[in-house]
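Working notes for the structure below.
So that the names make sense, note that chain A is the first sequence line, chain B the second, and so on, each numbered from 1.
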Amino acid sequence: MNINATLIGQLIAFAVFVWFCMKYVWPPLLAAIEERQKKIADGLEASDRAEKDLELAQHKATEQLKEAKAQAAEIIEQAKKRANVLVDEETQRGHAEREKIIAQGYAEIEAERNRAKEELRKQVAALAVAGAQQILQREIDAQAQNDIVEKLVAEL
Amino acid sequence: MASEITTSEYIKHHLTNATMCSTDQGIAFNKACADAGFWAWHVDTLAWSIGLGILFLWLFRSAAKKATTGVPGKWQAFVEIIIEFVNDNVRDSFHGRNNLIAPLALTIFVWVFLMNLMDLVPVDVLPWLAGQVGYHGFGMDPHDVYMKVVPTTDLNLTLALALGVFFLILFYSVKVKGFGGFTKELTMQPFNHWAFIPVNFILESVTLLARPFSLALRLFGNLYAGELIFILIATLGLWQLPLHFPWAVFHILVIVLQAFIFMMLTIVYLSLAHEDH
């Protein structure tokens, strides 16, 4: 229990141990711990970020899908409308064309009839005149009886 | 052999260090060193403490050399738990920047723990082994071979640790506060008046000097008492069997606690030394 030179030996040993620990043991171990802590923190942060990114991407995808659907619906709607308009227009044009063709036909028929009528009238007039001429050649002057012929022609 | 000696002789044998000194006739041991005075060496204390210190440094150095920042091995994980435990305590109590404090605390904690741990080796095993080596190797009477295996039950060792801490307290007090600041701290507290300088100085000196001595005596006292009780239990014959185990279990607490207290107080004292008022 007496104090002796052991004290000095222990002091030296203590100093050497602390020095060695400070130089070769503590720094590499603490550096490894701190480096790993940083790595873990970085990893956690990265995973957080990735999660957020994923959520964002999903959100964006959903939105785009919705937009695309809406666009498609709109396009279909437009196409339907356009088709309806086209059908309407074509129907109308068909109608109009038919009317026109019918009207033309009528007009042509009318014109033909008029022409035929005129022709007929003329031929009848000429026939009547010829007939009358032949009848009257002997007795009356064709000139004097012309107004009667005209009256007949007009009645036709 | 054991029946030839009395209980008090047995206890005394267990509590005596193996001593070495140099006399006029050359190197002498044990009883020949009775009047060697200061220049005697407790070779058992020195050997066990330095051996355990080297064991500590070797174990931790092997972890440090292979330290990876990736997935640590089992040994590295264990070492890192201790490192982190010490580092947390240092960071909680010490608010300065000093690269010495944490390694110092680690060294104290693990080294003192390992030395205390020797207390759990049954008290007769190593002294008996040493006696056999002395008897068969050197032809000595086994009763003349002393072997005290718990270095922390030697006041020389605990006082050396405490004085090492005390020197650091003085060094950092002067370094941080300057010589004037440290003198002022010793003389102008707690009563800030010139007339109180002697009173202050006495009070503060006692406070300052009490630190290393309380550190040394606390560790020494606890472990010495623990060791003594182990030895007393060992003298009870068959009764030691039921008694030894509970005391050993209880002593595990003392071992860790004393190592922790020594480390904690070292940190706190050095933290106080760094505080500039």
Q. At their closest point, which heavy atom of P103(B) faces which heavy atom of C21(A), and how far apart are they?
A. O-SG, 3.6 Å
Q) Is the number of heavy atoms from other residues, nucleotides or ligands within 6.0 Å of CH2 (W75(B)) greater than 12? A) yes
(Q) Surrounding CZ of F85(B) (heavy atoms of other residues, nucleotides or ligands, distance under 6.0 Å), is the total greater than 12? (A) yes
Q. Looking at A160(B) and F14(A), what are the two nearest heavy atoms and their distance?
A. O-CD2, 4.3 Å
Q) Which answer fits I108(B), side chain, backbone, both or neither, if we ask what part of it has an atom under 4.5 Å from a heavy atom of chain A? A) side chain
**Q.** Spacing of CZ belonging to F20(A) relative to CZ belonging to F60(B), to within rounding of 0.5 Å
**A.** 12.5 Å
Q) For I27(B), does the CD1 atom sit with more than 12 other heavy atoms under 6.0 Å from it, leaving out its own atoms? A) no
(Q) Does any part of the side chain of W26(A), heavy atoms only, come nearer than 4.5 Å to the side chain of L100(B), both counted from C-beta? (A) no
Q: Quick one: pull up CH2 in W41(B) and CD1 in I8(A) and give me the separation to the nearest 0.5 Å.
A: 6.0 Å
**Q.** For chain A, the option from L57(B), T68(B), L161(B) that forms the most heavy-atom pairs under 4.5 Å
**A.** L57(B)
Q. N99(B) versus chain A, heavy atoms under 4.5 Å apart: side chain, backbone, both or neither?
A. backbone
(Q) Using every non-hydrogen atom in the two residues, find where V25(A) and A64(B) come nearest and quote the distance to one decimal. (A) O-CB, 3.9 Å
Q. Most heavy-atom pairs under 4.5 angstrom with chain A, which of G53(B), A67(B), A40(B)?
A. A40(B)
Q.
Given heavy-atom pairs under 4.5 angstrom as the criterion, report whether the side chain, backbone, both or neither of S62(B) touches chain A.
A. neither
Q) Does CD in E99(A) sit with more than 12 non-hydrogen atoms of other residues, nucleotides or ligands closer than 6.0 Å? A) yes
Q) Angle class for the F17(A)/W111(B) ring planes (parallel below 30°, perpendicular above 60°, tilted otherwise)? A) perpendicular
Q.
Whether the side chain of T6(A) engages the backbone of H42(B) through a donor-acceptor N/O pair (distance < 3.5 Å, no angle test) should be reported.
A. yes
Q.
Looking at T69(B), is its backbone amide N or carbonyl O close enough to the side chain of R36(A) to form a donor-acceptor pair, meaning the two atoms are under 3.5 Å apart?
A. yes
Q. For F38(B), does the CZ atom sit with more than 12 other heavy atoms under 6.0 Å from it, leaving out its own atoms?
A. yes
**Q.** Gap separating the CG atom of L106(B) from the CE atom of M22(A), nearest 0.5 angstrom
**A.** 13.0 Å
Q) Which bit of I12(A) comes within less than 4.5 Å of chain B, counting heavy atoms only: side chain, backbone, both or neither? A) neither
Q) If you round to the nearest 0.5 Å, how far is CD of E84(B) from CG of L29(A)? A) 11.0 Å
(Q) Using a 4.5 angstrom heavy-atom cutoff, name the option from I50(B), I54(B), L168(B) with the most pairs to chain A. (A) I50(B)
Q) Side chains of L163(B) and L7(A): does their closest heavy-atom pair fall under 4.5 Å? A) yes
Q.
Could you report the tightest heavy-atom contact between A32(A) and E80(B), atom names first, then the distance?
A. CB-OE2, 4.4 Å
Q: Hey, could you give me the CD/CG distance between Q10(A) and L157(B), rounded to the nearest 0.5 Å?
A: 4.0 Å
**Q.** Under 4.5 Å from a heavy atom of chain A, the part of V79(B) involved
**A.** side chain
